[in-house]
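Read the structure below first, then the notes.
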Amino acid sequence: MRKLLILAILCLNYQLSAQDYFLEKFKPFNKNIPSPEEFLGYGIGERHTRHDLIVAYLKKLSEVSARASFAEYGRTHEGRILSMLTLSTPENLSDLPNLKEKHLAFTDPAQNVSNYDEVPVFVNLAYNVHGNEPSSSEAAMLAAYTFAASESEEIRKYLSNAVIFIDPTINPDGRDRHTQWANSYQGSPLVADPQDAEHDEYWPGGRTNHYWFDLNRDWLLGINPESRGKLNWYHQWYPNVVTDFHEMGSQSTYFFEPMKANGSLDPIMPRENYIDLNNLFGDYFAKALDSIGSLYFTKEVFDGTYPGYGSSYPDLQGGLGLLFEQASSRGHKQTTPFGEITFPFTIRNQFTSSITTVRAAVENKALLRKYQQDFFKSALSRASASRIKGYSFGDAYDQNRIKAFVDKLLLHRVKVLKNNDGSYFVPARQPQYRMVQTVFETYTRYRDSVFYDASAWSLANFYNISYSAQSRELNGTPVTSLEDFVKILPTERSDYAYLIDWDDYNAPAALHYLQSKGLVLSSSFRPFTSQTNRGNKNFHYGTLLLPVKLQKKNSDEVFNLLKEVQEKFQVPVYAVKTGLNLSGVDLGSRFVRPTEPPKAAMIIGEGVRSYEAGEVWHLLDTRVHMPITKIPVRSLKGADLDKYNTLVMVSGNYSFDDKLLGKIKSWTEKGNTLITIGTASKWAVDKKLVNETLIEEKKDTLATVQRKPYADAGDNIGKESVGGIIVEAELDLTHPIAFGYQKERIPVYKNNAVWLAPSKNAYATVSKYTQSPVIDGFITDKNRDEFLRKSASLIVSPVGSGRVVMFADNPNFRGSWYGTNRLFLNALFLGNHINVPK
Ligand SMILES: [Zn+2]
């Protein structure tokens, strides 16, 4: 600390000028409160600031200023602190519980309060969801300092009229990955050449979090601790305005809302949000940026249609979410066609927008409050007017998947009722009606067909939930917690054998756990009916058999492990005393096959789609609790593949030479399983690793090509890409890859143009799209009719004694596709036992 102070004093002269670049306008400042420069020992923009220092600075402000209070709202995967600094006048802060209650009255449709101007407006300035878009967290420190220490008239007015919540870094793990990169390659003097390593971050880059997830898609999905912590915070405070600061390519200027008009018309979002509020705020940002000479644009490129962005989720909660995009200096200084773009310049724009957001919120306080109140009131009136009174769902086979789905509903504060028959009902008439619509409704018509991201997000389909719209309200008991949600009877002891349902989402985790303890389990490739300790029961394809006397452990040890596995994973286990079944195959049948534990590796690194690789890693780490070796592409040549029986290749650009290709092929031929996802499946076909084909586009000839306006090119081409839709596929339920499924038709997520032709081998096409395949989202008629309806979603193709499991679509998309995760896990756990007849 002392060292920092000395350094700060030594650099005082320089720092004052650096500070003035940002802060001149808000002078004078309270001298007892350290500026970021004084605290850090360097001027803002001179380096990239580590997240722990940002947190330490905010804590410091809360210690020395009565205007600031610090709180932690969670921890990241890597254990970094997720923090929130609350800023207002000391009077407001000490009265915060009371102000909060008054504020929340506007979000409760049952109340009729009208003191719109009386309560300070709640503003959440949130920064740096993409770790390698670093300007905003630096701006967060400047904003925190300004609100804590400025004595200017203007800032004092804002503090009286607002409670400002500063979240400096939504994605600390990604930010620090990038910070380390940018600082370690920083030259002195700075190197502005875009080809310098400082501006060319190595795979996977800092955009994503620990598991390479894009947290700016996770607000709806709530998979990662960063978003879960934030959502819990959000639903305590319901801010009126929320910022979401980003950076874009260096060859640009600055973007603020309004967004692309057409794409932003979410069918369930109030129009006033996109039209009135964004235009109103847009004028403020324009004036503020004009005053410092910055260029900007609006209404292009970005659309806020997908409700899981940091700038769109607040719109679904009666707030105003605001997206900002700054052209990145990616590094400390970079040459662009506009001249050199410096890190301080990018920080100043974000800082300017931060203060301006508070200004616009304060000056429109009553309007924002009235808007939020109307939003929640209209949720009830719209629900009342709807024919649909709610949605019923349930699943007799898989309580853990239902639990994961209900967890999402509760995370978004959606009311869920449990009926007497064990099914669930979500009433439409509730304050979160729009979230209910978001989760259950599907849309196939759009005004604009070029989407920045997905065009489908009906969450119920992600979980393969059987649900139905109801025309009357059903009664039930509200579900308030997930404790004891899954009701599994503890197994009784058996000296003969145990059976474990493969239908449950957690069954693969249970299998891995038992295998890792040295037990040998078999998988039944046929259904049967058995006499169990709980009566006669039908067991489906894939049921696990654990014969007691064949294990190296004694009966007590086996029983104890089963108790443990039930406690950990809540899977149904049955004790049986005889191998003679009532119908179907007996337990000693040759169709009940001992399973070999998967020894899995995945190729990662430059060229590999990090999101998909991260999704595999995340699934195995957090749900199956199974290690997977991540082999970098650059080490693949020298890697000993014989240590593994399963290799995963997700989408990517794989430019392997013939030698490496041969290495993978001969490894597969030995009886191993190669799992390919998305474009890796296309690669396997292109490289003739498998004897399969693709459905390919007929090329235009000179006779068929039509002239089109040059200006339409972007839209025309954009339309043809499959941005992310939910489609229906039909499974062969007797195939090991489909074990655990009870219904042939399942929703799958498609966001690529990988069109696998159904195999010429009659037993190889596990899953094919149906004839009316589109469940939710936008696809052109041409893509639907000429490609989608004709192609396969999943093929298991024989290669020597091994096989390639080819997924056209990503079964693990964004960690949220509980409905298709099982296909992938079957490939992992049962892949080596599939012998495709040739
Ligand atoms: Zn971004």
Side-chain angles (χ1 to χ4, degrees), residues 48 51 54 76 82 124-140 167-179 181-182 199-201 203-221 223-224 226-227 230 242-260 263-264 285 296-298 300-315 321-331 334 336 341 343 345-347 349-351 353-354 357 451-454 609-611 614 723-724 814:
H48 287 62
H51 176 70
I54 297 174
T76 68
L82 296 161
N124 176 207
L125 299 177
Y127 301 90
N128 214 167
V129 65
H130 291 145
N132 59 6
E133 300 173 5
S135 55
S136 72
S137 290
E138 310 285 343
D167 178 351
T169 322
I170 300 171
N171 175 14
D173 292 350
R175 176 174 172 94
D176 272 1
R177 200 155 63 229
H178 173 263
T179 292
W181 180 273
H199 315 298
D200 184 11
E201 206 187 357
W203 195 97
R207 176 184 175 91
T208 49
N209 77 347
H210 174 77
Y211 286 110
W212 311 330
F213 275 58
D214 187 336
L215 292 178
N216 197 34
R217 305 294 183 272
D218 201 40
W219 281 71
L220 178 65
L221 312 173
I223 297 297
N224 291 282
E226 294 90 345
S227 335
K230 196 57 181 287
V242 180
T243 63
D244 187 20
F245 287 97
H246 291 258
E247 292 182 14
M248 54 188 162
S250 306
Q251 321 287 318
S252 190
T253 56
Y254 194 81
F255 171 87
F256 55 84
E257 300 204 32
M259 300 203 193
K260 252 172 82 173
S264 305
F285 300 125
Y296 51 81
F297 66 94
T298 62
E300 287 176 57
V301 187
F302 304 100
D303 76 68
T305 319
Y306 170 66
Y309 298 126
S311 58
S312 55
Y313 188 83
D315 296 342
L322 294 168
L323 173 73
F324 299 95
E325 295 270 356
Q326 165 66 50
S328 185
S329 61
R330 189 101 347 128
Q334 201 178 153
T336 79
I341 182 165
F343 195 33
F345 172 76
T346 65
I347 295 166
N349 286 337
Q350 307 281 42
F351 172 62
S353 293
S354 302
T357 297
F451 290 89
Y452 191 72
D453 193 76
R609 192 166 168 76
S610 58
Y611 301 119
R814 290 183 181 161

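As the structure lists them, so they are numbered: ligands from 1, and atoms in each ligand from 1.
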Would Phe324 and Phe285 count as a ring-ring contact (aromatic ring centres under 6.0 Å, His included) here? Give the steps.
CA-CA 10 Å; Phe324 299 95; Phe285 300 125; 4.9 Å; yes

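Residue contact annotation: Glu133 places an N/O/S atom under 2.8 Å from the Zn ion (ligand 1).
When the Zn ion (ligand 1) is compared with the N/O/S atoms of His246, atom ND1 turns out nearest. Its N, O or S atom nearest to the Zn ion (ligand 1) is what matters here, and for His130 that atom is ND1.
For the pairing with Ser610, the side-chain contact (heavy atoms from CB on, under 4.5 Å) check across Trp203, Phe213, Tyr211 returns one residue only, Trp203. Among Val129, Asn132, Asn128, Asn209, the one residue that satisfies the side-chain contact (heavy atoms from CB on, under 4.5 Å) test with Arg175 is Asn128.
Asp244 and His246 share a side-chain donor-acceptor pair at under 3.5 Å.
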